[in-house]
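First the proteins, then the strands, lettered A, B, ... as listed; each starts at 1.
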Amino acid sequence: MKWKRTHNCGALSSQNIDQHVVLMGWVASRRDHGGIIFIDLRDRWGLTQINIRPESAVYEEAKKLRNEWVVAFKGVVESRPEGMMNKNLATGEIEVLATELEVLNAASAPPFNVFAENVASEDIRLKYRYLDLRRQEMQDNLILRHRVAQLVRTYFSEQGFLEIETPFLMKSTPEGARDFLVPSRLWRGKFYALPQSPQTYKQLLMIAGFDRYFQIVRCFRDEDLRADRQPEFTQIDIEMSFVDEEDIFEIMEGLMARVLRETLDIEIERPFPRISYDEAMRQYGSDRPDLRFVLKLVDVSNIVKFSDFNILVQAVHAGKIVAGICAPGCAGYSRKQQDDLAAWARQRGASGLIAIKIGAGVLEGSAAKFFTEEQARAMIEAFDAREGDMLFICGDERDLTRQILAELRIEMAKRLGLIDEKRMSLTWVVDFPLFEWSPERDRYVALHHPFTSPLPQDEEKMTTDPEHVRARAYDLVLNGLEIAGGSIRISQQHVQQKMFEALRISPAEAESKFGFLLEALKYGAPPHGGIAFGFDRLIMVLAGCQSIRDVIAFPKTASATSLMDGAPSEVDIDQLIELGLQIKK
RNA sequence: GGGGUCGUGGUGCAGCUGGUUAGCACAUCGGCCUGUCAAGCCGAAGGUCGCGGGUUCGAGCCCCGUCGGCCCCGCCA
């Protein structure tokens, strides 16, 4: 490198005309006219056009340049001729007339074009991730990610929070997701676990008196992947002392308002709406409803059960529910379209999907005959349906019905264009159940985690009626995506013990797994609670991406491998021996 | 663990109900061209269709298996 860079590729403008500059970067595009040659020089900050004239000393060498070569140009900033300015380019008013050129590194022809609109398939992109990351879109995503991370740090610091690091090598926790294990060399046969979240540590930090903690921290869960799930992902982890739900909501709403303002220039209304878990399930069939559109589920069991619609009457008598959604303007759906939707529903386990057209104040179609005039009116009223709408009705077990209608609700919203893509809809979902029955484990498990406080008025039901105990737990839902979740924690040891009892974790087991926390709770634990944001998911939404892989520099594939470096891989036998491990095939 | 979908020159795609030399664009290489901005024009090289097996006179196309990408269910306190 012969020279010092004076400017980056996005810095120059007509302010710099006549200045002598040195630019360094990658060749994004070469336009050789036989005489004059134009090079678009690219770096993180932008693109600057280099002009190489036939009479230039570097002309012959410049002819050899190819895409993605790394080069340095010395030259003079000139105004582009009248009519040759490029308004799409920040540096479009100027160009650099090259006087000297140094090839810093020639490059092989890249496996895909970095500077093109056609994006390579994802496996190729992942294999050559360092090239994929050169693309503008990926650069923008990671720059956005950085900006939000900085915002988060600034915001919480201003609010009196401390960023404190917690261990990555920790004790394996039995509840929840599968742990990634790390074998101990010094303690043969023993293992560390990578944290699924710093949950217990942040509670201990509250007990230690730090009062307000946050951390942007990596978490690890050995579960199957999805578009919004990676085996390692990043959380904004937060915990606060001497607070209740309101305090936490206020701080988090402040954070979201600021992030949305400073990234997307969106002013969000506060306080955010709240909906109970029960209501969410009833009205939307989901604990993370997308509220960018309405389209509520309506339970019509009480109307249908008096009709002559035998299948549905029987369903209600069998303890199932009959519910549906009203798809606006869909009365024109053909027989085939209806059948396809029914097949779609059956594929998801429904016994069927009944379509009922709405006429002028009456029901139409083959199902209409089962309803009296009065029942028909009641149906129309329940759905707030209008002429030309179509009801889609499902009659199955409560949870299944809701689940299918929840999916149908989203599917229809997409088809009918009911979703305003620009809108950011934030909602708190509150009053989650504390427990959930696990058929596999034949016991109750914590829906959130075993340190979640019950609602005080439900506390006595913990052992007698676990099903109906509500938790002081809350999720923040953004456009149908769970982006944060948290709870007020148990800060009293006797409640914590009751929790383990309800989960059928024996005192001995509780002692061995969580003894340190139980012990800590004895020594003056302040009331505390917190929340954690899925940082990748948040960035994904802000960036308008469909997958968190696009906002993570080096993500894994859906089968948890890294196509670039080949992880996971087999290891040297000596490494295994040292750890006292033997592979069983 | 299960379901779906995709897999064709370096890259992105096309390839009709199976039928002769597998097309197109970009990239690559060579030539021409002094104002482009994803430059243009002319030309060349480059694939046996992820892999294995089967059906057939004949398979990129059909069937089975397998590997890989992606999406979903289960799973994810």
*Please give, in whole Å, the distance from B:rG3 C1' to A:W344 CH2?*
15 Å
*asked:* Using heavy-atom distances to pick each residue's nearest nucleotide on RNA chain B, tell me which of A:P54 and A:L47 is more 5'.
replied: A:P54
*Could you say whether A:L89 or A:L447 is positioned toward the 5' end of RNA chain B, judged by the nucleotide with the nearest heavy atom to each?*
A:L89
_Nearest-Å distance once atom P is located in both B:rG60 and B:rG19_ = 10 Å
*Between B:rG50 atom C1' and A:L563 atom CG, what is the distance in whole Å?*
14 Å
*What parts of residues 33-44 of chain A reach RNA chain B, counting only heavy atoms under 4.0 Å away?*
A:H33, A:G34, A:G35, A:I36, A:F38, A:D40
*What interatomic distance, in whole Å, is found between P of B:rA39 and the corresponding atom of B:rC51?*
35 Å
*In whole Å, what separates the C1' atom of B:rG46 from that of B:rU28?*
9 Å
_Parallel, tilted or perpendicular: which one describes the rings of A:Y130 and A:Y128, with boundaries at 30° and 60°?_
perpendicular
*For B:rG9 versus B:rA22, give the span between their P atoms, rounded off to a whole number of Å.*
14 Å
*Side chains of A:D123 and A:S121: donor-acceptor distance under 3.5 Å anywhere?*
yes
Name the pairs: protein N/O against N/O of nucleotides 71-75 of chain B, kept only if under 3.5 Å.
residue	atom	partner	partner atom	Å
B:rC71	OP1	A:R549	NH1	3.1
B:rC71	OP1	A:R549	NH2	2.9
B:rC71	OP2	A:R549	NH1	3.4
B:rC72	OP2	A:A227	N	3.2
B:rC73	OP2	A:R226	NE	2.8
B:rG74	N7	A:R226	NH2	2.8
B:rG74	O6	A:R226	NH1	3.0
B:rG74	O6	A:R226	NH2	3.3
B:rG74	N1	A:D224	OD2	2.5
B:rG74	N2	A:D224	OD2	3.2
B:rC75	O2'	A:E223	OE1	2.5
B:rC75	O2	A:R229	NH2	3.1
B:rC75	N3	A:R229	NH1	3.3
B:rC75	N3	A:R229	NH2	2.8
B:rC75	N4	A:R226	NH2	3.3
B:rC75	N4	A:R229	NH1	3.3

_Residue-level proximity of residues 55-83 of chain A to RNA chain B when a heavy atom falls under 4.0 Å_ = A:R66, A:R80, A:P81
_What contact category does A:E436 fall into here, base, sugar-phosphate, or nothing, at under 4.0 angstrom with non-hydrogen atoms?_
nothing
*Whole angstrom is fine here: how far is it from CG in A:D132 over to P in B:rG69?*
16 Å
*asked:* Does the structure show a Watson-Crick or G-U wobble partner for B:rG7, both distances under 3.5 Å? Name it, or say none.
replied: B:rC67
*Identify which nucleotide among B:rG10, B:rA39, B:rG69 has an atom closest to any side-chain atom of A:S29, counting heavy atoms from C-beta outward.*
B:rA39
*asked:* Taking any heavy-atom pair under 4.0 Å as a contact, classify A:D32: base, sugar-phosphate, or nothing.
replied: base
*Got a sec, which pairs hit side-chain hydrogen bond (donor to acceptor under 3.5 Å, both in side chains) with one end in residues 491-502 of chain A, sequence neighbours left out?*
none
*Can you sort out the partners of A:R348 under side chain to side chain donor-acceptor pair (under 3.5 Å), two or more places apart, ordered by chain and number?*
A:E407
*What heavy-atom pair brings A:L295 and A:I325 nearest, and what distance separates the two atoms?*
CD2-CD1, 4.3 Å
*Round to the nearest Å and state the distance from A:F115 atom CZ to B:rA39 atom C1'.*
13 Å
_Strictly below 4.0 Å: does A:T561 bring a side-chain N or O up to OP1 or OP2 of B:rG69?_
yes
*asked:* Under a 3.5 Å cut-off for both contacts, is B:rU36 paired Watson-Crick or G-U wobble with anything, and if yes, with which nucleotide?
replied: none
*Can you tell me how far C1' in B:rG50 sits from the matching atom in B:rC67, rounded to whole Å?*
8 Å
*Only counting residues at least two apart or in another chain, list the ones meeting side chain to side chain donor-acceptor pair (under 3.5 Å) with A:R409.*
none
*Whole Å only: how far is the CG atom of A:N113 from the P atom of B:rC13?*
15 Å
_Tell me which pairs pass side-chain hydrogen bond (donor to acceptor under 3.5 Å, both in side chains) where either residue lies in residues 473-487 of chain A, with sequence neighbours left out._
A:T452-A:S487, A:S487-A:R489
*What is the nucleic acid contact for A:P111, judged by heavy atoms within less than 4.0 Å: base, sugar-phosphate only, or nothing?*
sugar-phosphate
*Who pairs with A:R229 by side chain to side chain contact (heavy atoms under 4.5 Å, CB included), at least two apart in sequence or on another chain?*
A:R226, A:R537
*B:rG12 C1' sits how many Å from A:F112 CZ, rounded?*
12 Å
Enumerate donor-acceptor pairs with a distance under 3.5 Å from any side-chain N or O in residues 428-442 of chain A to protein atoms, sequence neighbours excluded.
residue	atom	partner	partner atom	Å
A:W428	NE1	A:E253	OE2	2.7
A:S438	OG	A:R441	N	3.2

_Under a 3.5 Å cut-off for both contacts, is B:rC41 paired Watson-Crick or G-U wobble with anything, and if yes, with which nucleotide?_
B:rG31
Show every donor-acceptor pair shorter than 3.5 Å between a side-chain atom in residues 510-518 of chain A and any protein atom, with sequence neighbours excluded, or say none if there are none.
residue	atom	partner	partner atom	Å
A:S512	OG	A:E509	O	3.3

_Same-atom distance (C1') from B:rC26 to B:rA45, integer angstrom_ = 16 Å
*Could you list the residues that satisfy side chain to side chain donor-acceptor pair (under 3.5 Å) with A:Q403, not counting sequence neighbours?*
none
*For B:rC57, which nucleotide is its Watson-Crick or G-U wobble mate, given both distances must be under 3.5 Å?*
B:rG19
*Nucleotide of B:rC33, B:rC26, B:rC70 approaching A:L126 most closely (side-chain heavy atoms)*: B:rC70
*Determine the contact category for A:T452: base if any of its heavy atoms lies under 4.0 Å from a base atom, sugar-phosphate if only primed atoms, P, OP1 or OP2 are that close, otherwise nothing.*
nothing
_Same-atom distance (C1') from B:rA25 to B:rC72, integer angstrom_ = 33 Å
*Starting at atom CG of A:N51, determine the distance to atom P of B:rA39, rounded to an integer number of angstrom.*
15 Å
*Please measure how far the P atom in B:rG12 lies from the corresponding atom in B:rG53, and state the result in whole Å.*
27 Å
_Pairwise ring-ring contact (aromatic ring centres under 6.0 Å, His included) hits with a residue in residues 59-96 of chain A, at least two apart_ = none
*Figure out the CD1/C1' separation between A:I124 and B:rU11, and round it to whole Å.*
8 Å
*Short side-chain N/O contact to B:rU36 OP1/OP2 from A:R31, under 4.0 Å*: no
*Compute whether any side-chain donor of one residue and acceptor of the other, for A:Q215 and A:T166, lie under 3.5 angstrom apart.*
yes
*Using only side-chain N and O atoms of A:S121, determine if any of them is under 4.0 Å from OP1 or OP2 of B:rG7.*
no
*A:Y284-A:D290 side chain donor-acceptor pair, cut-off 3.5 Å*: no
*How is A:D222 classified with respect to the nucleic acid when contacts are heavy atoms under 4.0 Å: base, sugar-phosphate, or nothing?*
nothing
